[in-house]
S.K.: 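This is the structure I have questions about; it appears just below.
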Amino acid sequence: MKTKKRILSIILAAVLILTAALPAAAASDPLTYQKGSRLESDGTVSSFYKVVSCVKTASGEITVPDTYQGLEVREIGDGAFADCGGITAVNIPSSVDKIGANAFENCLGLEKVSYQGSAFESSSRVIGVAAFRNCIALKTVLLPGGLTEIKDEAFKKCAALTGVSLPDTLKKIGKGAFSLCSGFTSVTIPTSVTDIAETAFMNCSGIEKFSVASGNTAYKAVGGVLYTADGKTLVQYPNGSSETTYAVPSGTTIVGNFAFGANTKLTAVSLPSSLTTIGPYGFYMCSKLGSVNLPSGLKTIGSLAFADCPMLTEVTLPTGLTSYEGAFDNSGLVNVVISDGVSVIDAKAFQNCSSLTGVSIPSTVTEIRFGAFSGCSALHALEIPESVKTLGNGVFGGCTQLVLTVTEGSAAHTYAKNNNIDYIVKGGGSVKELTSVTIRTLPQKTSYIKGEKISDYGLTLTAHYSDGTTGIITGGFSISPATASTLGTQKVTVSYSGKTASFDITVTESADKPVKSIAIATLPAKTSYHYKETLNTAGLTLTVFDENGSRTVSSGYKITSPTYFDSTGSKTITVEYEGCTASFNVSVSYSFFQFIIMYICLGFLWGY
């Protein structure tokens, strides 16, 4: 009889241990709760529960209960449902007044969120930072009364969302709250809203118009365009509008951050004489914008305000302009006129304007800041007036064809000599010209397989000038041919500012480069396991060494050691890749539940 009991106990222990290894999703409630307390407005302290996590394997519709163990559920914690890709719908009860940061971020299957209204609609409800960010399948969101704030990026990248009815209790919409919600076609701002942060509706390419409820004292819509109530700030232009031109009304003083950003239809915008400020990214990536006037009262153009506007070919900087760092980066500018009265060419103002050929600099300019014309590869000639006393680092970096016209002894003259820039002294005088280039250091790689692209990494040149000076050239040159094509020794020509030099490479036919060895580059994300779990190699990468050097791979390998852990202790995992092996260790232990069950069962057996 005792033997039978022992056998039965052993079987029971084994079943319980195996059951303990099953995923938590098998439980009836996939949610984990945490008890908390808070100080209420009346001075009392109340206890409640919040949802802190959901098992990642959860799927289908999830309903958050309004109570748990006799207390209200009042919060959904930071990241509680993040990356739960199987969830399709969520029901949130009226008891919840706070949804934490990243609470549902990357729930890629989530289609519907129903956040119930409140019996006490005067309560303050908040949807946290990035709470539903990147829920790309989300189509329907029902927001409750009592909601007062939607924080930064709360619904960013919810591309399937076609619109949201904002409740009359809402006061604040955070930065980028609905940015990249391309499915939106219209937005109505309720009476209660007093604060719409910059970029709240950035890159919402489908919005055809904005509307503002009557009685709102902070905002208004003018022809579908969102403005502050006093009309002084243009907050957001509806990028889904089919209009190709737009005139900003008189009295407007500020074009807000990203107000026209990423517009794909406007070809011309007229700015009023009242305008003083264009915010950062104001017209960023306006792909068809070809005409914009900068009024004489304009003082500030924010960073990247006209960056990546390929059709914008000409601009005149007004007299009063004082700040415009990086404003026209990578735009299509061909000609720039700087008005009399402008004293500074700001840092990186025209950086990477690769089509820029003409710039007129007046004698009022005293400073050209760092990187102002860097990357303007088509800029061949530029006259720098004697009034310029200061030139920053890298003002003309990458302007390989540039010849400056300078005044003898001026700051520009000194700058050109010190930075090995070709120049002509105004009114005659000395001329410094590039006469030749020679190879200073060879590229790091000089042996190739036929058909490989030739790399100039590590290549530097010595530049020789007419005045006997030399300089080191680390970029801005081109190489020809671009690929290794001739077996044996192949000549590669380097061109820089009209001068050439050459070097040889070795080209072979065979592409066979056997792997010599491998090593673990990064361990898997998980290296600690419980008894009866299976190895997960997610995150594992290898460094592969062959005749070409080394490279990193994250696939194509196989595990040759057991991957199912039926015993505890340190386990060596062997990885094989193209005949070479490497290894790493993982640890296997009993879970707390498994340990308790074993302890009870062994104690039961010992009792016999």
Side-chain angles (χ1 to χ4, degrees), residues 268 271 273 275 278 283 289-301 305-307 309-392 394-416 419 421-429 431:
L271 301 176
S273 59
L275 195 73
I278 298 173
F283 293 88
L289 184 65
S291 175
V292 62
N293 65 301
L294 301 180
S296 59
L298 188 64
K299 304 294 184 187
T300 301
I301 303 176
F306 292 95
C309 293
M311 305 302 290
L312 187 64
T313 58
E314 187 168 343
V315 70
T316 298
L317 303 187
T319 299
L321 190 63
T322 57
S323 176
Y324 50 105
E325 181 174 340
F328 300 93
D329 189 354
N330 200 39
S331 70
L333 287 175
V334 174
N335 189 48
V336 172
V337 176
I338 302 173
S339 299
D340 284 341
V342 174
S343 61
V344 172
I345 299 178
D346 216 342
K348 299 183 286 187
F350 305 102
Q351 180 176 256
N352 298 320
C353 292
S354 58
S355 299
L356 185 63
T357 58
V359 180
S360 173
I361 302 177
S363 59
T364 55
V365 171
T366 60
E367 181 181 5
I368 303 176
R369 292 177 178 165
F370 70 92
F373 296 97
S374 63
C376 295
S377 55
L379 191 60
H380 293 173
L382 183 63
E383 182 174 341
I384 309 294
E386 191 175 2
S387 60
V388 174
K389 305 300 182 186
T390 305
L391 293 96
V395 167
F396 302 107
C399 300
T400 58
Q401 308 295 320
L402 181 62
V403 177
L404 295 179
T405 298
V406 300
T407 302
E408 182 79 39
S410 66
H413 187 194
T414 302
Y415 188 87
N419 290 275
I421 300 170
D422 290 353
Y423 65 85
I424 299 172
V425 174
K426 191 175 181 180
V431 177

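Sequential numbering from 1 along the given sequence is applied to the chain's residues. Just so it is clear, the structure is predicted and the values come from calculations on it, not from any experiment.
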S.K.: Quick one: side-chain contact (heavy atoms from CB on, under 4.5 Å) partners of E386, sequence neighbours excluded?
M.R.: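 Partners of E386 under the side-chain contact (heavy atoms from CB on, under 4.5 Å) test: T407, S410.
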
S.K.: Quick one: salt bridge (Lys or Arg N to Asp or Glu O under 4.0 Å) pairs with a partner in residues 395-406, sequence neighbours left out?
M.R.: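 Non-adjacent pairs meeting salt bridge (Lys or Arg N to Asp or Glu O under 4.0 Å): zero.
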
S.K.: Can you tell if the side chain of P385 reaches within under 4.5 Å of the side chain of I361, non-hydrogen atoms only?
M.R.: yes

S.K.: Starting at CZ of F306, measure out to CD1 of I278 and round the result to the nearest 0.5 Å.
M.R.: 4.0 Å

S.K.: If the condition is side-chain contact (heavy atoms from CB on, under 4.5 Å), which residues does T366 pass it with, not counting sequence neighbours?
M.R.: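 Listed in chain order: S343.
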
S.K.: For T322 and K299, indicate whether the former's side chain and the latter's backbone hold a donor-acceptor pair under 3.5 Å.
M.R.: yes

S.K.: Can you see which heavy atom on A412 is nearest to which on V406, and at what distance?
M.R.: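 The pair with the smallest heavy-atom distance is CB-CG1, 3.7 Å.
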
S.K.: Within this structure, what is the OG-CG distance for the pair S331 and L312, rounded to the nearest 0.5 Å?
M.R.: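 So the OG of S331 and the CG of L312 are separated by 5.5 Å.
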
S.K.: Looking only at heavy atoms, what is the nearest atom pair of T300 and L321, with distance?
M.R.: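 For T300 and L321, the tightest heavy-atom pair comes out as N-CD1, 4.0 Å.
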
S.K.: Roughly how far, to the nearest 0.5 Å, is CG of L294 from CG of L317?
M.R.: 7.0 Å

S.K.: Using side-chain contact (heavy atoms from CB on, under 4.5 Å) as the criterion, list what pairs up with P310, not counting sequence neighbours.
M.R.: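 Partners of P310 under the side-chain contact (heavy atoms from CB on, under 4.5 Å) test: none.
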
S.K.: Specify the closest pair of heavy atoms between V342 and P318, including all atoms of both residues, with the distance to one decimal.
M.R.: CG2-O, 3.1 Å

S.K.: Is the closest side-chain heavy-atom distance between V359 and F373 below 4.5 Å?
M.R.: yes

S.K.: Considering only heavy atoms from C-beta outward, does the side chain of I368 approach that of I384 to under 4.5 Å?
M.R.: yes

S.K.: Could you work out, with salt bridge (charged side-chain N to carboxylate O under 4.0 Å, His left out) as the rule, every residue matching E383, not counting sequence neighbours?
M.R.: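 So E383 forms a salt bridge (charged side-chain N to carboxylate O under 4.0 Å, His left out) with K426.
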
S.K.: Rounded to the nearest 0.5 Å, what separates atom CD1 in I345 from atom CZ in F350?
M.R.: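 The CD1 atom of I345 sits 6.5 Å away from the CZ atom of F350.
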
S.K.: Please give me the minimum heavy-atom distance between V365 and I338, naming the atom from each residue.
M.R.: CG2-CG2, 4.4 Å

S.K.: Test your reading of the model: is there a side-chain donor-acceptor pair from Y415 to the backbone of T390, 3.5 Å cut-off?
M.R.: no

S.K.: If you look only at distance, which donor and acceptor atoms sit under 3.5 Å apart when one is on a side chain in residues 395-405 and the other is two or more places apart or in another chain?
M.R.:
none

S.K.: Looking only at non-hydrogen atoms, find the nearest pair between V425 and Y423 and report the distance.
M.R.: CG2-CE1, 3.9 Å

S.K.: With sequence neighbours excluded, tell me which residues meet side-chain contact (heavy atoms from CB on, under 4.5 Å) with T316.
M.R.: V337, S339

S.K.: Tell me if a side-chain donor or acceptor on T313 pairs with a main-chain N or O of G332 at a distance below 3.5 Å.
M.R.: no

S.K.: Just jot down the ring pair (Phe, Tyr, Trp, His ring centres under 6.0 Å) partners of Y324, sequence neighbours excluded, or say none.
M.R.: none

S.K.: Looking at every non-hydrogen atom in both residues, tell me the closest pair between P362 and D340 and how far apart they are.
M.R.: CB-OD1, 3.0 Å

S.K.: Within this structure, what is the OG1-CD distance for the pair T414 and E408, rounded to the nearest 0.5 Å?
M.R.: 9.5 Å

S.K.: Can you sort out the partners of N352 under side chain to side chain donor-acceptor pair (under 3.5 Å), two or more places apart, ordered by chain and number?
M.R.: D329

S.K.: With sequence neighbours left out, which residue pairs that include part of residues 368-381 fulfil the side-chain hydrogen bond (donor to acceptor under 3.5 Å, both in side chains) condition?
M.R.: D346-R369, Q351-S374, E367-R369

S.K.: To the nearest 0.5 angstrom, please state how far the CG atom of L391 sits from the CG atom of N419.
M.R.: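 Spacing of CG (L391) from CG (N419) equals 8.5 Å.
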
